[in-house]
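In what follows, a structure is listed as structure tokens, so that the remarks can point back to it.
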Amino acid sequence: MANTPEELAQVLEEIALLLEIKGENPFKIRAYRNGAESVRQFDGDIVSLAKRNELKGIKGIGSALQDKLHELASTGQLAFLTELKAEFPPGLFDLFGLQGLGPKKIRALYDKLSIDSITKLKQACTDGSVAGLPGFGKKSVEKLLEAIELKEQFADFYRLGEVAPLAETIKHTLQQHPDSLRVEIAGSYRRGKEVLHDLDFLVATSQPAALTRFFTELPEVTSIIACGDTKASVRLENGLQCDLRAVSNEQFPFALQYFTGSKEHNVALRSRALQYGWSLNEYGFTPKNKTTPAPPAARDESQIYRILELERIPPELRENKGEIEAADAGSLPRLVELDNLRGTFHNHTTESDGRNSLEEMAEAARDLGLQYLGIADHSKGQFQANGLYPDRLLRQLDHIKSLNQQWDDFKIFAGTEVDILKDGSLDFTDGLLEQLDYCVASIHNSTQLSEKEMTARIIAAMENPHVTMIGHLTGRLLLQRKSYALNIDKVIDCAAKTGTIIELNCNPRRLDMDWRHWHKARDKGVITSINPDAHHTDHLQYLAFGVKVARKGWLRREDVLNTKSLDEISTWLAKPKGQR
DNA sequence: GCCGTTTTCGGCCCGACTGTTTTCAGTCG
């Protein structure tokens, strides 16, 4: 039953996909996609309107779509879709997830070679039959195999940002149980890893069996893998595995430490415990022999570390990448926190491909308690994203100036996300960029250049005095697309030399630049800006993921540009790049 | 399939890149 606008929209998207495989008129296909977009953006109860067949007059939804949405909302079925689906095997849709495969090629593979699954495609690539098809050759086969490999490699992984709402909902429900004393999500989720294999819930209780049973009966659970007195494993609808461990309140800190990991961190920590004469496991310290004095109890995790004469190590740092040595020396960084953020750059509006207007974005930022919001809509090179030509950009600049007059505690900064062209030049002239408050420069095309060319391209952009920061540096899409060929070390050196910010893009699909590079970048003096790349007011919430990744990269408040207050950032932006 | 109209049919967003071709189709952003 279609009960939400999103469900209605997804049905229209599904139809569009099927029509695409059928080779229908592209404008008809676009009409379905536009219809889906209209449904999503409609300000009002569109589901009820659809049920009552009162959709007339909504832009993008003509008579054909009105009828279909009415049928869908009132009966929960759509005969048109059912018939359409019956024409193709279900496995065919998996092929859409592969880079380089669009509807035409999928159709050709299906028609000529009866390929209707990734397994069959892999086989046909290997045995040479794909290379024999018109339009396919040696290179396409290589690329397809590579795409399949990438997909298989990440088959059981989930992006942090997409799992987080579900994880927090389950945590909240567990907390509501009368027998649960403490609840935490441990594992890689707690460590802020960008992709996760599973979720590890931990609960302190005197009634473990009641909790494990309660866990398996949660509405989000679709199948039970195992359920015992202290441990249960389940699978959710999206395939994600979730484990629950129920322990006593005394064991809880030890279990939390143990299940948070990482494995490498724990190995190092256990070997340190042994030097004190104790073995350490998920239940507590145990003296190695009778002469060893009993260790004191630990009420929380920080006491476990204190007993081992270490500063408390934040979960994000527990990867055995120098954090134990730093904790021993008392030199752990004081990591940036979400509360430290005062604003953000790199956000879009309806002027290019965002969903909300300038006014709505500003209002949402103010609601979050931010003091400033940087707007960076796409430049003209991004046609598909409705990129701005100079005249529109200048009009937006005027609009921002006039809006800014209403506040004295908040400011919109006028920027752009300008394309870095193939040769490293920018999609706008210096004269135009000079008129803006700041500039994000990003790569959106020619992504297959060699490492040497790509590195030179980004360095050229960084050397431009008007480029404040580089957007989504490596172009990676988590679980989907690798980063461009790029010499990160050279880019980091150049960022430090030129005073160019490297953005930490906290869109859950990107989380780019990767946390593994930030510690060394920081030590070379590179500053970041934690940017949500928001295309909707809701996306400002992504800042929380960005802060997790920044913490994972050992970043402190002073390493993050957008922790500066409105006054500080205004002064900073007013200075020439070389003098900041 | 939608929209808009000098009102019922014609236009609908475009360019770069890649790999396949030898002039272009398909994909992507």
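Residue numbers begin at 1 in each chain, while the letters A, B, ... track the order of the sequences. Any value given below was found using the heavy atoms of this structure, including those in side chains, with hydrogens, waters and symmetry copies removed.
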Side-chain N,O ([X]) to OP1/OP2 ([N]) below 4.0 Å:
| X | N | result |
| --- | --- | --- |
| A/Arg107 | B/dT27 | no |
| A/Arg30 | B/dC2 | no |
| A/Lys143 | B/dG19 | yes |
| A/Lys422 | B/dC17 | yes |

* To do: Would you give the length of the straight line joining atom NZ of A/Lys482 to atom CG of A/Leu477, rounded to the nearest 0.5 angstrom?
  => 13.5 Å
* To do: Using both distances under 3.5 Å as the test, list the Watson-Crick or G-U wobble partner of B/dT8, or none.
  => none
* Side chain of A/Asn445, base of B/dG15: donor and acceptor closer than 3.5 Å? -> no
[atom1] gap between [N] and [M], integer Å:
| N | M | atom1 | result |
| --- | --- | --- | --- |
| B/dT18 | B/dT23 | C1' | 15 Å |
| B/dG11 | B/dC17 | C1' | 27 Å |
| B/dT20 | B/dC28 | P | 15 Å |
| B/dG1 | B/dA16 | P | 33 Å |
| B/dT5 | B/dC12 | C1' | 15 Å |
| B/dT8 | B/dC13 | P | 22 Å |

Residue [X], side-chain atoms from C-beta onward, closest of [options]:
| X | options | result |
| --- | --- | --- |
| A/Asn25 | B/dG29, B/dG1, B/dT27 | B/dG1 |
| A/Phe383 | B/dT20, B/dC2, B/dC14 | B/dC14 |
| A/Gln382 | B/dG1, B/dC17, B/dG29 | B/dG29 |
| A/Ala31 | B/dG26, B/dC2, B/dG19 | B/dC2 |
| A/Ser446 | B/dG1, B/dA16, B/dT27 | B/dA16 |

Using a heavy-atom cut-off of 4.0 Å across all strands, would you classify [X] as base, sugar-phosphate, or nothing?
| X | answer |
| --- | --- |
| A/Lys68 | sugar-phosphate |
| A/Thr447 | nothing |
| A/Asn386 | nothing |
| A/Gln448 | sugar-phosphate |
| A/Arg33 | nothing |
| A/Pro134 | nothing |
| A/Ile58 | sugar-phosphate |
| A/Ile29 | nothing |

* Quick one: does NZ or CZ of A/Lys548 land under 6.0 Å from the six-membered ring centre of A/Tyr189, within 45 degrees of the ring axis? -> yes
Without decimals, in angstroms, what is the distance between [X] [atom1] and [N] [atom2]?
| X | N | atom1 | atom2 | result |
| --- | --- | --- | --- | --- |
| A/Lys22 | B/dG1 | NZ | C1' | 14 Å |
| A/Asn34 | B/dC3 | CG | P | 9 Å |
| A/Gln480 | B/dT27 | CD | P | 16 Å |
| A/Leu98 | B/dT18 | CG | P | 20 Å |
| A/Leu421 | B/dC17 | CG | P | 10 Å |
| A/Lys105 | B/dC24 | NZ | C1' | 12 Å |
| A/Tyr32 | B/dC12 | OH | P | 22 Å |
| A/His444 | B/dC17 | NE2 | C1' | 16 Å |

* Does the side chain of A/Asp427 come within less than 4.5 Å of A/Leu421's, by heavy atoms? -> yes
* Flag the pair A/His346 / A/His348 as yes when their ring centroid distance falls below 6.0 Å, and as no otherwise. => yes
* Asked: With no hydrogens and no angle check, do the side chains of A/Asn487 and A/Thr455 hold a donor and an acceptor under 3.5 Å apart?
  -> no
* So, A/Thr349 and A/Asp377: side-chain donor and acceptor under 3.5 Å apart, yes or no? -> yes
* May I ask you to decide if the ring planes of A/His472 and A/His444 are parallel, tilted or perpendicular, using 30° and 60° as cut-offs? => perpendicular
* May I ask you to decide if the ring planes of A/Phe80 and A/Tyr32 are parallel, tilted or perpendicular, using 30° and 60° as cut-offs? => parallel
* **Is_stacked (A/Phe27, B/dC12) at 5.5 Å, 30 deg** => yes
* Please figure out whether A/Phe136 or A/Gly381 has its closest DNA chain B nucleotide nearer the 5' end. => A/Phe136
